[in-house]
Each structure stands twice: as structure tokens, then as C-alpha cells.
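Notes for the one structure printed next.
As a basis for the values below, the full set of heavy atoms in this structure was taken, side chains included, without hydrogen atoms, waters or symmetry mates. Chain identifiers are assigned alphabetically (A, B, ...) following the order of the sequence lines, protein sequences preceding nucleic acid strands; residue numbering begins at 1 within each chain.
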Protein chains: 2
Amino acid sequence: MGKLSEGDTKTLILDAAEQAFAELGFDAASLRRIISVAGVNLAAIHYHYGSKEALIEAVFARRVGPVNQARLERLDAIERRAGQGVLPLEEVIEALVGPALRLARDSAKGPVVMRLYGRTVAEPGEHLQKMLSHQFGGVVKRFATALQRAVPELPRDALYWRMQFIIGAMGHLICDPQRLKLISGGLCDPSDPNTAIRQLVAFLAAGMRAPLPSKRKEAPRKR
Amino acid sequence: MGKLSEGDTKTLILDAAEQAFAELGFDAASLRRIISVAGVNLAAIHYHYGSKEALIEAVFARRVGPVNQARLERLDAIERRAGQGVLPLEEVIEALVGPALRLARDSAKGPVVMRLYGRTVAEPGEHLQKMLSHQFGGVVKRFATALQRAVPELPRDALYWRMQFIIGAMGHLICDPQRLKLISGGLCDPSDPNTAIRQLVAFLAAGMRAPLPSKRKEAPRKR
DNA sequence: GTCTATAAGGAGATAGAC
DNA sequence: GTCTATCTCCTTATAGAC
């Protein structure tokens with residue numbers, strides 16, 4: 001556990017698996033492809049991890065753990081500064097989306113890691129979804145109460161709707177940055193985390209402060 | 001093409017495939033599982049569709065075509081009413097997200113269809129992504145110019161960033177409605193399209209109108 | 001810990017009778 | 001158009017030598 005050796009077989013597998021999962025998806029990335037990139041033997045995966053499912057979980061946990069820890073630490077600092085008062089909305093949102101978007105810069109892997117991270121949300125499969133709930137359940141709860149403290153007048157149902165929108169906007173940006181570059185004709189550069197965070201926080205904060213939708217009907221329907 | 005027979009083998013396959021893809025994902029849903037639900041023979045899939053890839057495309061096109069047509073028709077009506085003036089932002093956004101969210105109500109399948117529709121955005125695979133660009137390219141371009149006309153003072157780079165956020169929030173809501181019910185403790189009901197649309201439009205319109213993010217401190221500048 | 005060899009099964013696709 | 005039977009390939013996983 002305390003080993004640091006870089007040529008470690010266990011780590012070689014983890015790195016190659018991460019890249020393959022990000023590039024091809026969990027199903028399409030076979031263990032055989034992973035070992036060919038890692039330069040290790042097929043049996044080594046089962047020796048070190050036991051199964052493909054366990055490998056997926058290990059790949060995921062290595063990145064998600066630090067991100068969620070950073071989120072909670074930043075939220076702690078915000079709450080400490082605010083005392084009993086209202087929390088600053090932009091800072092709370094930045095604490096939620098910033099660490100995830102900055103993951104691209106922290107890792108030498110760059111955008112590859114981001115795709116993996118964002119993709120898991122959309123992927124089906126009981127095992128993955130259980131893992132997600134386990135990894136993110138606490139973070140979601142903490143940020144739900146923090147956002148409530150940042151926008152106290154917002155009813156609770158609207159709060160949860162809007163949290164879902166935040167998660168969706170963040171996830172899509174993380175998962176599929178290339179599409180933004182494409183549709184903008186190269187005008188936007190999603191690989192720059194600072195610009196991404198600034199744009200995202202401004203948009204989401206305004207959304208959180210939006211006046212409540214009227215119960216009224218929608219626009220006239222064409223038939 | 002003009003056939004209406006409901007027990008049609010071709011349609012039975014399409015229905016079963018849609019459900020299986022939505023439930024399990026494109027990779028995990030095997031043709032053998034699809035035929036067992038449809039009650040048809042394995043060879044029938046290849047006779048009617050040729051390959052699994054072509055089947056995926058057929059499943060997708062059946063739903064996306066009408067949705068995109070509805071989007072463009074509503075946008076046409078909005079632009080006709082507005083003449084040369086500024087477009088009403090809420091209505092443009094509603095034209096974009098409404099038809100997709102209402103898909104759940106129009107189809108007897110309900111939420112199943114929604115999951116399929118939203119999931120495809122996040123899925124990897126060259127073939128799927130090419131198909132997406134082909135199916136949605138025109139719609140994205142039309143709505144980009146429409147949104148620009150609705151928020152004329154917004155710089156073009158911010159416009160594309162925010163469009164990406166819109167697509168993400170909408171897609172996540174469509175793809176994974178159950179998570180909202182879960183994290184809200186049953187307070188929010190994502191299966192009610194009208195509430196979902198109202199909440200989503202209010203949030204996104206406010207986001208589109210957000211002041212531009214500053215580079216470092218509070219100094220929102222306009223172009 | 002790492003290797004070879006192989007097990008055991010599921011996948012998509014097809015040929016040819018009816 | 002529909003069926004049975006089968007082909008070929010690739011997957012995860014394991015047993016056992018070194």
C-alpha cells in the first residue's frame with residue numbers, strides 16, 4: 001500500500017485501464033486491450049484486482065476520492081468564514097464544480113480523465129450506479145444544505161430541481177468537452193479550466209437566483 | 001413504409017430494442033435478449049436491419065426525428081411572430097427543451113424512451129457520435145442563431161458556453177430522472193413534464209441572462 | 001508475482017431449408 | 001419472411017508451472 005515504485009504493475013494496469021475506459025467506455029474496453037497498453041500479463045489483472053468490476057471501481061475511486069475531498073474542504077472553509085450568515089452562492093458553486101473541472105490540469109492525463117469521470121454518471125448498470133451513490137451521496141447532501149443556506153428564500157423542491165441542473169451542466173462539460181469546441185467553431189477552448197469555471201459559475205449562480213417559475217401554462221401548442 | 005400492422009415483426013424488434021437499449025445500454029443489450037422480448041427470431045434482426053449498428057440508428061431516428069421537427073416548427077412560429085425584433089428568450093428555450101421532455105408523455109413507453117434519448121449523448125463510440133452530429137447539427141445551428149437573437153448583447157463565446165450548459169442540464173434531466181427523485185427524497189417528480197419544463201426554462205433563461213464573468217474580481221464588462 | 005494455456009461462454013453474423 | 005443450425009471471433013476468468 002505504501003509503495004511508490006512507478007513501474008509498479010498494479011499502477012501500470014490502473015493507468016492503462018483509465019485511459020481505455022475513458023476512450024472506449026467500460027464495456028467496450030476489454031481487459032486484453034488494457035494489458036497490451038500496460039505491457040503486463042492478462043492474469044496480472046485478476047491477481048491484483050480480482051475482476052473487471054473491481055478494476056473499474058479502483059480506477060474510479062482513485063480520481064473521485066481526492067476531488068470530493070477538495071470539494072468538502074473548500075465548503076468547510078466557506079462555512080467557517082460565513083459563520084451563521086448567508087453563504088456566498090458563487091463560492092459554493094465553485095467549490096462544487098471547480099475541483100472536478102480542475103482535474104484535467106492536476107493529472108498528466110489531461111482531458112482523458114475528465115471524460116471518464118463525467119461518463120460514469122450516464123452509464124447504466126447496477127454496479128456502477130450503486131458505486132456512484134456511495135461515492136457521491138455524502139457530497140450531494142452537504143451541498144444541498146449549503147446551497148439552501150446560500151439561497152434561503154428558495155423552496156426546497158426548486159432547490160433540488162436546480163441542483164439536478166447544476167450536476168447536468170457540469171457533467172456534460174466534463175464528459176464531452178470536444179463538442180463545445182466543435183459547435184463553437186473553435187471559439188471556445190474547454191481545456192482551459194479557469195475559463196470553463198468562470199463561465200459555468202456565472203451561469204449556474206444566475207440560474208439558482210432565478211425567480212420561481214409561474215404555475216401557468218406553456219407557450220401555445222402547435223398541432 | 002406505409003405499413004401500419006401493429007404486430008409487424010420489424011416494429012416488434014424496434015420496440016424491444018428500444019427498451020433494452022434504454023435499460024442496459026447499447027453494448028450490454030444483446031440481440032439475443034432483444035429477440036427474446038420481441039418474440040421473434042434472431043435472424044429476423046439481420047433480415048430487417050442488417051446489423052446491430054443499423055438497428056441502433058433506426059431506434060434512435062424514430063424518436064429523434066419528430067422531436068427535432070417539433071423543435072424547428074416551434075422556433076419557426078416564434079421567429080414569425082417576432083418579425084425583425086428580439087426573440088423571447090423563454091420561448092426559444094422552451095422550443096428547445098420542451099419537445100424532448102414531452103417525449104415521455106407522447107409515447108406509451110414513458111420514461112424508458114427518455115433514458116435512451118439522453119444517454120446517447122454521453123456514450124462513446126465513433127459511430128454513435130457521427131450519428132449524433134448528423135441528427136442534431138442542424139438543430140444546434142438554428143438554435144445558436146435564435147439564442148443570439150434572444151440575447152443580442154451576449155458575446156459569441158459566452159453564447160456557446162451557455163448553450164453547452166443548456167444541453168447538459170436538459171440531457172441529464174432526460175437521461176437520469178430517477179436520481180432527482182432520489183436526492184430530493186421524493187419531493188420532486190421528474191415524470192411530470194410540465195413541472196420539469198417550467199423549472200428548467202426558468203433556470204436556463206436566468207443563466208442565459210447572467211452578467212458576464214469577470215476575469216478576476218467583480219468588474220462585469222460588456223462588449 | 002508473473003507467465004502459458006485453456007476453460008467456458010456469449011457475442012454478432014450467415015447459410016440454407018421451409 | 002421466418003426458422004434452425006452453425007460459424008467465427010472475442011470476452012472474462014482460472015489452473016498450474018516457474
Could you pull out the closest heavy-atom pair between A:Met170 and A:Leu96, with the gap in Å? SD-O, 4.0 Å
Under 4.0 Å from OP1 or OP2 of D:dT2: is there any side-chain N or O of B:His46 that close? no
Tell me the interatomic distance from B:Tyr47, atom OH, to D:dC3, atom C1', rounded to whole angstroms. 13 Å
Contacts of type side-chain contact (heavy atoms from CB on, under 4.5 Å), residue A:Leu187, not counting sequence neighbours: A:Ser184, B:Arg156, B:Asp157, B:Tyr160
Nearest-angstrom distance from the residue atom CG of B:Asn41 to C1' of C:dG16: 13 Å
Can you find a side chain N or O atom of A:Ser30 that sits less than 4.0 Å from OP1 or OP2 on D:dT11? yes
Any side-chain N or O of B:Ser51 under 4.0 Å from OP1/OP2 of C:dG12? no
Can you check whether B:Thr9 has a side-chain N or O nearer than 4.0 Å to OP1 or OP2 of D:dT2? yes
What is the distance, rounded to the nearest whole Å, between atom CD1 of B:Ile35 and atom P of D:dT2? 13 Å
Roughly, in whole Å, what's the span from CD1 in B:Ile13 to P in D:dT2? 8 Å
Separation of C:dA7 atom P from A:Leu42 atom CG, nearest Å, is 15 Å
Regarding C:dG12, can its base be found pairing with the side chain of B:Arg32 as donor and acceptor, where the two atoms are less than 3.5 Å apart? yes
Looking at A:Lys130, A:His127, A:His134, which hits side chain to side chain donor-acceptor pair (under 3.5 Å) with A:Glu57? A:His127
In this structure, how many angstroms lie between the P atom of C:dG12 and the CZ atom of B:Phe26, rounded? 14 Å
B:Arg62 side chain near B:Glu18 side chain, heavy-atom distance below 4.5 Å: yes
Hey, what's the ring geometry for B:Phe21 with B:Phe26, parallel, tilted or perpendicular (30° and 60° as the breaks)? tilted
Rounding to an integer number of Å, can you tell me how far B:His48 NE2 sits from C:dT14 C1'? 16 Å
Using a 4.0 Å heavy-atom cut-off, does B:Ile45 contact any base of the nucleic acid, only the sugar-phosphate backbone, or nothing at all? nothing
Could you check B:Gly39 against A:Lys52 and say which one's nearest nucleotide on DNA chain D is further toward the 5' end? B:Gly39
If you pin B:Ala43 and A:Ala43 to their nearest nucleotides in DNA chain D, which one's is more 5'? B:Ala43
Rounded to whole angstrom units, what separation is found between the OH atom of A:Tyr49 and the C1' atom of C:dG1? 14 Å
